[in-house]
Amino acid sequence: INKINIFDFAFKHPKLTKSRIQNVCWKSRGFQTESVTHTISSNLVPRQLRSDCILSFASYHYAKPQTSFRQTVKCDSSGTEESETSSDAFELSLRKMLQRRQGLDEFAKEIQQEDVDMDLFKCALWIGQHRNPTLDFDAYLETVNKMAAELEAHLPPPDERYPLRMIHSINKYLFDVKGFKGNKDDYYNPDNSCIDKVIDTKMGIPISLSLLYMELAARVNFPMIGVNLPANFMIRPLVGEVEMLVDVFDEGKVLFVEDAEAVIAKAYGDGAKVKIERSFFQDNTIRPMHFLTRMLTNLKQIYFNSKDYEQALVITDYQQEAAATADVLDFNRRDKGILLYMLQRYPESTLELQQYLKDKPEAEDADRIQQIVDSMRVPFFDEEDLSTPRSTDNQTEKKDDDYETI
């Protein structure tokens, strides 16, 4: 069989021993490093074995002592990039991959918090690390702290901090003083969905700008909550019985109930009539998973539309951790399977899509997904075949042409 597929499938098996990993790594010496590092960095590798996978592969690939490579990995936190020799380039690739994995791992830890304790801004920073592996987490937190301190100087006196005055003051600081704005010219640039890039460029889309606005407002004791409208993402204050929304993408424009109804009706089109119940403004439940679901769905769609399937696949790992509902989890599995199919990683794609069909047999797209699965016709190993490592001693090495391609 094709050697790279041996490698991919072997790492899928949850009961791999370290010796088995080393055996597979030994067979992988001729692989393209991009394929190997992607496989190691994906969720295919059980987390408790991931570091052993990396160290074993590196030591076998370069015939270096594991301790030498381990030291290289440990110095990764500084984000320093040295000049690239052939081995340095590989180690740098692994270093960046480890930093991306750190983002996902820290994101997974943060969302284990209760909804009221979850820090959305930190979650967004961890998401941003998929695109910016050397992201300085603490530096961005400090930047927002400084912005909040500056904002405080622009606020009215404490006894005059009424909702409309507070919104006006925050708007003036964020949009006039700091120069933030909606990126209408390059709306679908993925940087617009990464909060670190939003802070750097001072441009974003509704949900990312809203997050920054909410974060600053919270730090000056003016809590706000996200409103997941179909046409736009807005926010509203959690103060008293105020019935208003703030469109951060439109430089903090204040919308009252009738305005919001008109915006939603326009999104539905065909003369739709929308009525917002007053109870809507009384529901102050914090739903961070829904916020993250929308942010991640935006990113995944942007990457998919631009045919950046590798990055879209990374986002499915985040969405798998933060799915707001069972349906979101199921559809994310489907998306992951399709992305793996587009990347010609057929064994993994088949596993994901078959599980989706098992969980959602009545899905509207079930027939189409089944067609994709049938088109791959992927043979799989039996469990017994992976139960014990096979010795490579005294075996005649076959040419690539002798392998059946999966």
Q: Answer with yes or no whether the side chains of Asp367 and Gln371 bring together a donor and an acceptor at under 3.5 Å.
A: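 No, because no side-chain N or O of Gln371 sits under 3.5 Å from a partner of the opposite role on Asp367.
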
Would you say the side-chain atoms of [X] pair up with the backbone N or O of [Y], donor to acceptor, closer than 3.5 Å?
X: Asn332; Y: Thr316; value: yes
X: Asp250; Y: Lys253; value: no
X: Ser349; Y: Tyr346; value: no
X: Glu110; Y: Asp119; value: yes
X: Asn183; Y: Asp186; value: yes
X: Gln112; Y: Ala108; value: yes
X: Arg236; Y: Glu243; value: no
X: Asn298; Y: Met295; value: no

Quick one: closest heavy-atom pair of [X] and [Y], and the distance?
X: Leu151; Y: Ser169; result: CD1-O, 4.2 Å
X: Pro190; Y: Ile302; result: CD-CG2, 4.0 Å
X: Leu216; Y: Val144; result: CD2-O, 4.0 Å
X: Val198; Y: Asn192; result: CG2-O, 3.4 Å
X: Ser193; Y: Ile205; result: OG-CD1, 3.3 Å
X: Gly182; Y: Phe249; result: CA-CE1, 3.3 Å

**Q.** Working for side chain to side chain contact (heavy atoms under 4.5 Å, CB included), residues Leu299 and Arg131
**A.** CA-CA 11 Å; Leu299 264 172; Arg131 192 166 176 82; 6.0 Å; no

So, taking the atom named [atom1] in [X] and the one named [atom2] in [Y], what distance separates them when rounded to the nearest 0.5 Å?
X: Glu215; Y: Leu211; atom1: CD; atom2: CG; answer: 6.5 Å
X: Tyr173; Y: Lys178; atom1: OH; atom2: NZ; answer: 4.5 Å
X: Cys123; Y: Lys109; atom1: SG; atom2: NZ; answer: 13.0 Å
X: Glu321; Y: Leu329; atom1: CD; atom2: CG; answer: 10.0 Å
X: Asp196; Y: Asp191; atom1: CG; atom2: CG; answer: 8.0 Å
X: Tyr318; Y: Ile127; atom1: OH; atom2: CD1; answer: 7.0 Å

Q: List the steps and the verdict of side chain to side chain contact (heavy atoms under 4.5 Å, CB included) for Trp126 and Leu135.
A: CA-CA 9 Å; Trp126 293 130; Leu135 184 152; over 6 Å; no

Q | Stepwise ring-ring contact (aromatic ring centres under 6.0 Å, His included) check, Tyr303 with His130 | A | CA-CA 12 Å; Tyr303 285 134; His130 87 276; 5.7 Å; yes

In the structure I gave you, are the side-chain heavy atoms of [X] and [Y] within less than 4.5 Å of one another anywhere?
X: Arg161; Y: Phe222; value: no
X: Asp138; Y: Asp136; value: yes
X: Ile225; Y: Arg287; value: no
X: Leu245; Y: Asp259; value: no
X: Glu251; Y: Asn171; value: no
X: Lys336; Y: Asp317; value: yes
X: Asn305; Y: Gln301; value: yes
X: Phe233; Y: Asn228; value: yes

For [X], does the [atom1] atom sit with more than 12 other heavy atoms under 6.0 Å from it, leaving out its own atoms?
X: Glu364; atom1: CD; result: no
X: Lys181; atom1: NZ; result: no
X: Lys172; atom1: NZ; result: no
X: Tyr188; atom1: OH; result: no
X: Asp117; atom1: CG; result: yes

Q: Before giving the answer on side chain to side chain contact (heavy atoms under 4.5 Å, CB included), spell out for Leu155 and Glu152 the whole-Å C-alpha distance, their side-chain angles and the decisive distance to 0.1 Å.
A: CA-CA 5 Å; Leu155 298 179; Glu152 186 70 41; 4.0 Å; yes

Q. Yes or no on side chain to side chain contact (heavy atoms under 4.5 Å, CB included) for Leu209 and Leu174, after CA distance, side-chain angles and deciding distance?
A. CA-CA 10 Å; Leu209 289 172; Leu174 193 61; 6.0 Å; no

**Q.** Plane angle bin for Tyr356 and Phe331 - parallel if under 30°, tilted between 30 and 60°, otherwise perpendicular
**A.**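 Phe331 and Tyr356: tilted rings.
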
Q: Apply the side chain to side chain contact (heavy atoms under 4.5 Å, CB included) test between Lys300 and each candidate in Asp335, Val314, Leu313; give the one that qualifies.
A: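 So, applying the side chain to side chain contact (heavy atoms under 4.5 Å, CB included) to Lys300 and each of Asp335, Val314, Leu313, only Asp335 qualifies.
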
Q: Step through it carefully: locate the ring centre of Tyr213, locate the ring centre of Phe180, and say whether they are under 6.0 Å apart.
A: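 No, ring centres 6.0 Å or more apart.
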
Q | Tyr140: partners by ring pair (Phe, Tyr, Trp, His ring centres under 6.0 Å), with sequence neighbours left out | A |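 If we apply the ring pair (Phe, Tyr, Trp, His ring centres under 6.0 Å) test to Tyr140, skipping adjacent residues, there are no hits.
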
